[in-house]
Amino acid sequence: MPEERFQNGLNVPHAKTGTESPAGSSEGQAPLGTATVTNPNPTLLDRSAGLLAANERWIVLATIVLQAGVLVGMIALKTWTVATGQTIYVRVMPVDPRDLMRGDYVILSYEFSRAGVIDGQPPRWDEPGNRTVYAVLQPEGDGKHWRINRFTQHRPDGGVFLRGDLGRGGRVEYGIESYFVQEGKGRVYEDAVRSGRLSAEIKVDSAGAAVVQRLHVDIK
Amino acid sequence: MAKRRLTDAQRHWLQDELQSWQDLSLLSETQRQGILDLYELPSESAARKHGAAMFILMSVAALLVGLALLLLIGYNWDAMPAPVKLAIIFGVVGGLHASAFYLRYQRGRDQRGTRLASEICFFLGSIAYGAAIWLIAQIFNINAHFPDGFWWWALGVVPLALCLDTLLLHTLVVAVLATWVGSEMIGFPHLGGWFFGRWGFVPNGCYSLPLFALPGLIWAYRKNKPLTVGLYVPLLAWWLVLQPLAWRWGENMVYFIGSVGALLLLVSECHKEGSRFALPYRLFGVLVAFGVLIPLSFYDFYRGVFAPEHQAFLPPLVIFGVGGAALGLFAAWQVRRDPLNPLAKPSLLVLLQRQWLPFGLLLLMAFMSLWTAAFGDLDLEAANVIPAVLANAAMVGAAYWLMSLGLREDRGIPFAAGVAYFLLWSVLRYIDLFGDFGGMLGAALMFFLCGAALFGVAFYWRRRKELRHA
């Protein structure tokens with residue numbers, strides 16, 4: 001009868017199909033030894049629940065593999081950039097906070113961290129739209145460092161460029177804005193940047209993704 | 001059959017009672033012994049207690065050893081090369097999950113102790129997975145959009161929560177998703193919505209949250225677990241409450257928050273009367289909606305609100321639309337439930353009896369939002385009085401609704417909550433209106449009137465109970 005289906009709330013069939021362990025640490029379980037009632041007219045939910053129960057072991061295994069896959073994926077993305085990217089050096093301006101979740105790290109700011117003009121226009125960070133920005137770089141006279149040439153929202157055909165996201169106030173983030181250091185060692189870099197002696201060694205791949213490899217003081 | 005447990009005091013009582021029954025010839029010696037054989041012997045009870053004490057002692061010892069190991073690793077963490085760190089991370093995550101898998105599927109799923117141990121191992125493994133995301137980010141200096149870490153964490157835990165039938169994992173899922181929603185929508189409302197890339201023209205509303213939360217909510221209904229429903233309801237409410245930030249309705253969010261509370265109350269009253277599943281919706285609906293009414297009941301509140309610069313009339317239309325749709329669904333469902341039962345009350349009457357306050361609150365929030373949009377910038381005294389009076393009427397109505405709910409379902413907590421809310425309203429009004437004028441006499445009059453009202457309610461409740469139980 002349709003009335004029997006609505007016993008515990010909104011459209012909840014009271015009978016369940018599939019296997020269900022009688023023991024458990026959660027509330028609401030049937031007592032030990034209670035027989036499971038089979039629903040003669042299983043709904044899509046009943047069938048889904050039955051499928052879940054019948055394949056529980058494989059779903060748990062697949063989830064564990066998914067977790068490992070996420071972790072390996074994080075490593076692979078960055079390893080790919082490191083393995084295939086070009087090494088460049090850029091001058092940095094750090095600010096040092098304390099991040100309770102990730103330990104001691106140095107916030108890095110660069111000449112190209114704020115976009116004054118994008119494709120000849122002021123950055124429209126407060127309007128909805130495309131937020132991807134490319135910072136096209138050019139080498140400095142010292143043959144080591146790179147500096148900003150221009151900002152564009154059209155992916156460049158070649159050369160060295162960084163891909164970033166436009167944020168509040170025209171700030172652009174490229175994923176190279178922090179560098180984790182041993183606890184207490186961040187002060188060394190902060191002192192170096194105040195006197196303009198700090199540089200970041202960065203790996204940049206052909207898509208504009210970048211990874212900070214290390215920081216250098218007084219690079220030659 | 002496993003013997004039942006008894007404390008020492010219970011055993012002594014049982015033995016004394018059985019002896020007295022035997023002395024009265026109510027029981028034979030064989031029957032007396034048969035009853036005692038149903039329960040564990042003193043030696044068995046002592047062995048069980050000893051086993052439990054040993055388990056606790058060993059658990060504490062294992063915890064301390066684990067903490068020591070953790071601190072040792074933490075102290076040397078910075079000095080370790082990246083491959084060693086990765087080996088430790090994957091070792092911990094994999095080891096915990098492998099142990100949990102073995103305990104659950106190889107050791108025997110019907111043994112309560114191993115099942116509990118497997119659930120704890122899966123929980124710890126899921127926590128370790130989340131920690132691994134941030135540790136790997138630290139090792140490789142990954143500066144990704146940090147709320148994404150919580151999203152990937154939730155993605156890796158939701159299937160386990162649905163499969164493994166444990167409140168621990170659902171609690172973890174809800175905590176992680178709530179953190180993700182809060183950090184994404186409060187910290188980055190200016191970014192576009194994400195769907196395999198950022199879409200700048202789509203508000204950043206964390207639209208994948210229902211995909212994560214609804215399976216858990218449905219699972220909780222099917223497994224008959226109101227406590228788990230009580231985890232997902234505030235999560236969904238939290239997500240709804242933050243939507244104005246994504247859609248740039250940040251001004252005067254209080255009306256939208258109140259309408260979310262009213263929507264929760266509406267859903268609670270859609271449940272069958274007396275259903276335990278209604279309780280989480282009712283609890284959070286009362287906290288949110290009735291809590292919002294408190295500042296709205298002050299006249300001075302409206303001096304500080306202004307009409308929004310953009311989309312001023314959109315929020316109230318959304319509130320009206322959602323409330324109307326929800327009520328229409330409920331009405332249609334009511335009709336569907338009792339199509340042939342001639343003894344059922346007409347659907348409209350049932351609707352009014354249960355939904356007058358939730359829908360009334362929805363209307364009130366929509367009206368106030370409209371009113372602010374229309375007159376907010378004018379700062380007219382008359383324009384500010386009307387919403388304040390309506391909010392006060394709503395507070396009194398809310399208190400009455402709670403009390404009548406308690407009377408209808410014969411439950412003391414809603415009734416007491418209604419009384420407490422009415423007293424709160426009276427104290428707030430005294431502070432707001434009469435504190436500077438009535439003085440001691442004004443306070444005496446107000447308390448007398450409130451006391452008289454409560455006496456009336458108490459007599460009515462007693463009379464109703466007498467009639468019901470007669």
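Reminder, nothing fancy here: chain letters follow the sequence lines and each chain counts from 1. Because the structure is a prediction, the values reported are computed rather than measured.
Side-chain atoms of Gln67(A) and His97(B) include a donor-acceptor pair closer than 3.5 Å.
When heavy atoms are compared at a cutoff of 4.5 Å, Leu168(B) does not approach chain A at all. Looking at Ile218(B), only its side chain comes within 4.5 Å of chain A, counting heavy atoms on both sides. No part of Leu77(A) comes within reach of chain B, as not one of its non-hydrogen atoms sits under 4.5 angstrom from that chain. Using a 4.5 Å cut-off between heavy atoms, Leu155(B) touches chain A through backbone and side chain atoms alike.
Residues Leu61(A) and Phe101(B) share a closest heavy-atom pair of CG-CE1, 3.6 Å. Closest of all the heavy-atom pairs between Met74(A) and Ile133(B) is CE-O, 3.2 Å. Here the closest heavy-atom approach between residue Ile59(A) and residue Pro159(B) is recorded as CG2-CB, 4.5 Å. Looking at every heavy atom in both residues, Gly156(B) comes nearest to Thr63(A) through O-CG2, 3.2 Å. Taking all atoms of both residues into account, the shortest heavy-atom contact from Phe90(B) to Ile75(A) is CE1-CD1, 3.8 Å. Heavy atoms only, all atoms of each residue included: Cys163(B) and Val60(A) are closest at CB-CG2, 4.1 Å.
Partner of Trp152(B) under the side-chain contact (heavy atoms from CB on, under 4.5 Å) criterion, chosen from Leu66(A), Leu71(A), Val70(A): Val70(A).
The backbone N or O of Ile176(A) sits nowhere less than 3.5 Å from a side-chain atom of Asn141(B) that would complete a donor-acceptor pair.
Taking CD from Glu56(A) and CZ from Arg104(B), the interatomic distance works out to 4.5 Å, rounded to the nearest 0.5 Å.
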